[in-house]
Student: 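I have a structure here, written as structure tokens, and I will follow up with some questions on it.
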Amino acid sequence: METLEQLTEQEIISRIINGEQSLFELIVRRFNPYLYKIGRSYDYNHDDTQDLMQDTFVDAYKSLAKFEGRSSFKTWISRIMLNHCYKKRNKSSFKNEIMKEINENSKPLFHQSNQETSTIVQNNELGNIIEKALMQIPEKYRMVFAIREINNMSVAETAELLNITESNVKVRLNRAKTMLQEIITESYAAEELYEFHARYCDKMVNRVMNIINTL
């Protein structure tokens with residue numbers, strides 16, 4: 001398994017398409033954390049997020065031969081996850097947040113830190129605070145922040161995934177940071193961090209592979 005972990009995504013995909021179905025486990029393990037953060041950032045609870053992840057992985061497996069590499073595989077599978085989030089939201093009759101005026105000027109979320117936000121979020125104490133604050137800002141800003149800062153996607157990938165311009169990504173990200181700063185300075189609390197822990201990862205692998213093995 002150690003050597004398999006070193007395979008590129010394209011190598012894994014090619015071998016799965018050619019019959020090595022069991023290698024799809026590598027895809028599930030690699031992208032569990034990214035999809036989990038998307039689902040939770042979309043304001044779904046842990047159980048609903050896991051259901052959406054399962055559907056996403058199964059759909060990705062069924063459509064694997066259609067992946068052409070025009071965008072990164074992470075963008076491709078994240079888009080499938082977002083589509084499932086949208087569909088569930090529409091079925092539940094949720095409404096979109098109203099656009100607000102925002103400031104174009106960009107500034108770092110934490111002025112005294114030169115760390116990447118994704119690294120900061122992995123610090124349990126501060127990460128918990130960011131998560132709690134993140135759930136208090138409008139969805140369109142929360143999604144840009146989660147995809148761009150937490151999942152480490154580029155501005156271009158974020159724009160492609162959310163079907164907005166790169167300029168809008170930058171503007172919404174700046175607004176998200178501003179709102180998060182305001183919330184964090186007003187309160188200091190902790191909740192569960194957005195991490196898909198190993199025990200959940202193993203369960204998701206089993207769920208997805210059990211379904212795939214019946215296809």
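Because the structure is predicted, anything quoted here is derived from the model rather than measured.
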Student: Within 45 degrees of the axis of the six-membered ring of Y34 and under 6.0 Å from its centre: does K74 put its NZ or CZ there?
Tutor: yes
Student: Step by step, work out the side-chain contact (heavy atoms from CB on, under 4.5 Å) result for E9 and L26.
Tutor: CA-CA 9 Å; E9 288 160 16; L26 297 178; over 6 Å; no
Student: One thing to verify: whether K170 and E166 come together as a salt bridge, which I'm taking to mean a side-chain N less than 4.0 angstrom from a carboxylate O.
Tutor: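 Between K170 and E166 there is no salt bridge, as every charged N stays at least 4.0 Å from the carboxylate O atoms.
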Student: Donor-acceptor check, side chain of N168 to backbone of I164, threshold 3.5 angstrom: yes or no?
Tutor: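 A pair under 3.5 Å: no.
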Student: If we only count heavy atoms from C-beta on, is the I16 to I27 side-chain gap below 4.5 Å?
Tutor: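 The answer is yes, as the side chains (C-beta and beyond) meet within the 4.5 Å cut-off.
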Student: Quick check: do Q21 and Y61 have side-chain heavy atoms less than 4.5 Å from each other?
Tutor: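 Yes, side chains in contact.
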Student: Just do the side-chain contact (heavy atoms from CB on, under 4.5 Å) check on I211 and F57 with the steps written out, would you?
Tutor: CA-CA 10 Å; I211 293 174; F57 282 123; over 6 Å; no
Student: Is it true that a side-chain atom of R148 and a backbone atom of M153 form a donor plus acceptor pair closer than 3.5 Å?
Tutor: yes
Student: Return the CZ to CD1 distance between F24 and I212, rounded to the nearest 0.5 Å.
Tutor: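 If I round to the nearest 0.5 Å, the distance is 4.5 Å.
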Student: Give the C-alpha distance, both sets of side-chain angles, the deciding distance and a yes or no for side chain to side chain donor-acceptor pair (under 3.5 Å) between T75 and S78.
Tutor: CA-CA 5 Å; T75 299; S78 293; over 6 Å; no
Student: For N163, what residues pass the side-chain contact (heavy atoms from CB on, under 4.5 Å) criterion, not counting sequence neighbours?
Tutor: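 So N163 forms no side-chain contact (heavy atoms from CB on, under 4.5 Å) with any residue.
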Student: Does the pair D59 and H84 meet the rule for a side chain to side chain donor-acceptor pair (under 3.5 Å), with working shown?
Tutor: CA-CA 10 Å; D59 282 356; H84 280 292; 2.7 Å; yes
Student: Drop me the distance from N206's CG to N213's CG, to the nearest 0.5 angstrom.
Tutor: 10.5 Å
Student: Does the side chain of I38 come within less than 4.5 Å of M143's, by heavy atoms?
Tutor: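 Yes; the side chains approach each other to less than 4.5 Å.
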Student: Below 4.0 angstrom, N of the basic side chain to O of the carboxylate: do K177 and E149 qualify?
Tutor: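 Judged by the 4.0 Å cut-off on N to carboxylate O distance, K177 and E149 do form a salt bridge.
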Student: Working to the nearest 0.5 angstrom, can you tell me the gap between T49 OG1 and Q54 CD?
Tutor: 13.0 Å
Student: Do the side chains of T178 and N174 get nearer than 4.5 Å, heavy atoms only?
Tutor: yes
Student: Please name the residue in the list L180, N151, T158 that meets the side chain to side chain contact (heavy atoms under 4.5 Å, CB included) test with F145.
Tutor: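 Single pass found, and it is L180.
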Student: I need the I147 CD1 to L82 CG distance, nearest 0.5 Å.
Tutor: 5.0 Å
Student: Would you sort out whether V169 and L162 count as a side-chain contact (heavy atoms from CB on, under 4.5 Å), showing the intermediate values?
Tutor: CA-CA 9 Å; V169 169; L162 297 178; 5.7 Å; no
Student: Determine, step by step, whether Q50 and Y36 satisfy the side chain to side chain donor-acceptor pair (under 3.5 Å) criterion, reporting the C-alpha distance in whole Å, the side-chain angles of both residues, the deciding distance to 0.1 Å, and the verdict.
Tutor: CA-CA 7 Å; Q50 287 196 101; Y36 186 73; over 6 Å; no
Student: Between the side chains of R40 and D48, is the shortest nitrogen-to-carboxylate-oxygen separation below 4.0 Å, so that they form an ion pair?
Tutor: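 Not counted as a salt bridge, because no side-chain N and carboxylate O are separated by less than 4.0 Å.
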Student: Has the side chain of R142 got a donor or acceptor atom that lies under 3.5 Å from a matching backbone atom of I137?
Tutor: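 Present.
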Student: Can you check whether D47's main-chain N or O pairs, donor with acceptor, with N45's side chain at less than 3.5 Å?
Tutor: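 At least one qualifying donor-acceptor pair exists.
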Student: Tell me, do L52 and C85 make a side-chain contact under 4.5 Å, heavy atoms counted?
Tutor: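 SC-SC contact between L52 and C85 confirmed.
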Student: In Å, rounded to the nearest 0.5 Å, how long is the span from CD of E160 to CZ of R70?
Tutor: 10.5 Å
Student: So S71 and E157, do their side chains get closer than 4.5 Å, heavy atoms only?
Tutor: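 Not in contact.
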Student: Out of curiosity, M53 CE to I80 CD1, how far, rounded to the nearest 0.5 Å?
Tutor: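 The distance works out to 13.5 Å.
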Student: Is any side-chain heavy atom of R207 closer than 4.5 Å to a side-chain heavy atom of V28?
Tutor: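 The answer is no, as the side chains (C-beta and beyond) never meet within the 4.5 Å cut-off.
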Student: Taking only residues two or more places apart in sequence or in another chain, which ones pass side-chain contact (heavy atoms from CB on, under 4.5 Å) with S63?
Tutor: K66, W76
Student: Got a donor-acceptor contact below 3.5 angstrom from the E11 side chain to the T8 backbone?
Tutor: yes
Student: Show the nearest heavy-atom pair for residues N32 and V205, with the distance to one decimal.
Tutor: ND2-CG2, 4.4 Å
Student: Grab the two heavy atoms, one from R29 and one from C201, that are nearest each other, plus how far apart they are.
Tutor: NH1-SG, 3.8 Å
Student: Does any non-hydrogen side-chain atom of M179 lie less than 4.5 Å from one of P138?
Tutor: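 The answer is yes, as the side chains (C-beta and beyond) meet within the 4.5 Å cut-off.
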